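Values below: every heavy atom of this structure, side chains too, minus hydrogens, waters and symmetry copies. On a predicted model such as this, the values are computed, not experimentally measured, just so you know. Count residues from 1 along the sequence.
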Amino acid sequence: MNDKLTRATDVERVSELLGLPDEINTTDSLNAKVADGLPVAAVEKIFDVLASRPELNLISDRSFRRAKSEKLPLSAVNSQILFDFARTYVVADRIHHGNGPQIMRFLEKPNPHFGGAAPMALAISSPAGADAVIELLSS
């Protein structure tokens with residue numbers, strides 16, 4: 001991991017992972033930012049923290065390139081996907097004590113608790129999927 005998450009609470013760490021300013025530090029402000037569309041820089045910040053691209057695409061390259069070239073925020077759907085990944089990653093980061101390779105191994109390895117699906121695939125499929133992975137990590 002190139003960049004350690006340093007903010008105190010999980011909400012603040014999700015905001016940090018998404019490259020958002022310190023003022024986005026509550027659930028309400030974070031949800032509002034996701035609904036409005038995250039900046040393209042959120043994808044780049046996640047890749048910086050991960051030190052590599054995950055096996056699964058978080059969002060399509062086409063969507064990323066279009067938003068970047070047109071200087072637009074990401075769509076609400078893509079923003080939600082990044083948010084769900086970030087929520088999951090932050091809990092995994094806490095559980096695995098910041099060990100980036102171990103976190104990604106957990107997220108990308110098929111898991112019998114999810115019928116053989118990788119936790120990351122489930123986490124980026126829907127908010128409920130992210131909640132299921134977070135619940136497993138927290139148990």
Side-chain angles (χ1 to χ4, degrees):
M1 200 152 83
N2 283 346
D3 229 351
K4 298 282 185 186
L5 298 175
T6 59
R7 296 184 190 168
T9 68
D10 280 355
V11 170
E12 291 170 329
R13 291 164 61 90
V14 168
S15 180
E16 178 182 16
L17 180 58
L18 294 172
L20 299 175
D22 292 343
E23 302 81 57
I24 309 288
N25 60 7
T26 66
T27 301
D28 289 343
S29 63
L30 189 52
N31 286 335
K33 189 65 179 166
V34 170
D36 289 343
L38 293 170
V40 172
V43 177
E44 295 163 335
K45 175 64 176 179
I46 287 172
F47 291 155
D48 284 347
V49 171
L50 300 182
S52 66
R53 285 186 172 247
E55 290 176 15
L56 291 174
N57 271 342
L58 293 173
I59 63 170
S60 75
D61 288 335
R62 183 173 183 239
S63 295
F64 173 75
R65 284 192 312 270
R66 180 176 172 265
K68 188 170 183 172
S69 71
E70 295 180 18
K71 296 181 173 55
L72 296 171
L74 298 170
S75 70
V77 170
N78 284 331
S79 294
Q80 184 67 50
I81 290 168
L82 291 181
F83 174 64
D84 290 335
F85 173 79
R87 291 189 307 123
T88 305
Y89 186 90
V90 162
V91 174
D93 182 71
R94 184 171 19 91
I95 301 297
H96 293 289
H97 308 290
N99 183 326
Q102 191 174 23
I103 294 164
M104 292 311 295
R105 198 169 27 257
F106 166 78
L107 290 173
E108 294 180 326
K109 182 179 175 187
N111 190 302
H113 288 98
F114 306 124
M120 184 173 167
L122 188 62
I124 65 175
S125 69
S126 69
D131 291 343
V133 176
I134 290 167
E135 185 176 317
L136 176 66
L137 282 164
S138 300
S139 62

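Residues L50 and Y89 have side chains in contact (heavy-atom distance under 4.5 Å, counting atoms from C-beta outward). Side-chain contact between Q80 and V34: present, with at least one pair of heavy atoms (C-beta onward) separated by less than 4.5 Å. Considering only heavy atoms from C-beta on, L38 comes within 4.5 Å of L20 through its side chain. Two residues are said to be in side-chain contact when any heavy atoms from C-beta on lie closer than 4.5 Å; L136 and F106 meet this criterion. Side-chain contact check for L58 versus V43: every heavy-atom pair is 4.5 Å or farther apart. Here the side chains of V11 and N25 are not in contact, with every heavy-atom distance at 4.5 Å or above. A heavy-atom distance below 4.5 Å is found between the side chains of K68 and E44. Considering only heavy atoms from C-beta on, F64 stays 4.5 Å or farther from N78 through its side chain.
Here L18 contributes atom CG and L30 contributes atom CG; the two are 6.5 Å apart, rounded to the nearest 0.5 Å. Between the CZ atom in F83 and the OG1 atom in T88 there is a gap of 9.5 Å [rounded to 0.5 Å]. Remark: S79 OG to N31 CG distance equals 12.0 Å, nearest 0.5 Å. Taken from CG in D10 to CZ in R13, the straight-line distance is 6.5 Å, to the nearest 0.5 Å. To the nearest 0.5 angstrom, H97 atom NE2 is 10.0 Å from I103 atom CD1. The CD1 atom of I81 sits 10.0 Å away from the OG atom of S126 when rounded to the nearest 0.5 Å.
Residue pairs meeting the salt bridge (Lys or Arg N to Asp or Glu O under 4.0 Å) criterion with at least one partner in residues 72-86, sequence neighbours excluded, are D84-R87.
Note: the hydrophobic cluster containing L107 also contains F47 (ILVMFWY, side chain heavy atoms under 4.5 Å, direct or indirect links). A single hydrophobic cluster is seen to contain both L56 and V90, as judged by linkage of ILVMFWY side chains at heavy-atom distances under 4.5 Å, directly or through other members.
In plain terms, the two heavy atoms of P39 and L74 that are nearest each other are O-CD1, 3.9 Å. Considering all non-hydrogen atoms of both residues, G37 and P73 come closest at O-CB, 3.6 Å. Between A76 and A35, the shortest heavy-atom contact is CB-O, 4.0 Å. Considering all non-hydrogen atoms of both residues, A42 and L82 come closest at CB-CD1, 4.2 Å.
Between the side chain of E12 and the main chain of R7, no donor-acceptor pair closer than 3.5 Å is present. Using modelled atom types, no side-chain atom of E108 and backbone atom of P54 make a donor-acceptor pair closer than 3.5 Å. In this structure a side-chain-to-backbone donor-acceptor pair under 3.5 Å is present from S69 to R66.
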If you look only at distance, which donor and acceptor atoms sit under 3.5 Å apart when one is on a side chain in residues 116-123 and the other is two or more places apart or in another chain?
none

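Crowding of Q102 atom CD: a count of heavy atoms from other residues, nucleotides or ligands under 6.0 Å exceeding 12.
A donor-acceptor pair shorter than 3.5 Å cannot be found between the side chains of S29 and E23.
The salt bridge (charged side-chain N to carboxylate O under 4.0 Å, His left out) check on D28 picks up nothing, with sequence neighbours excluded.
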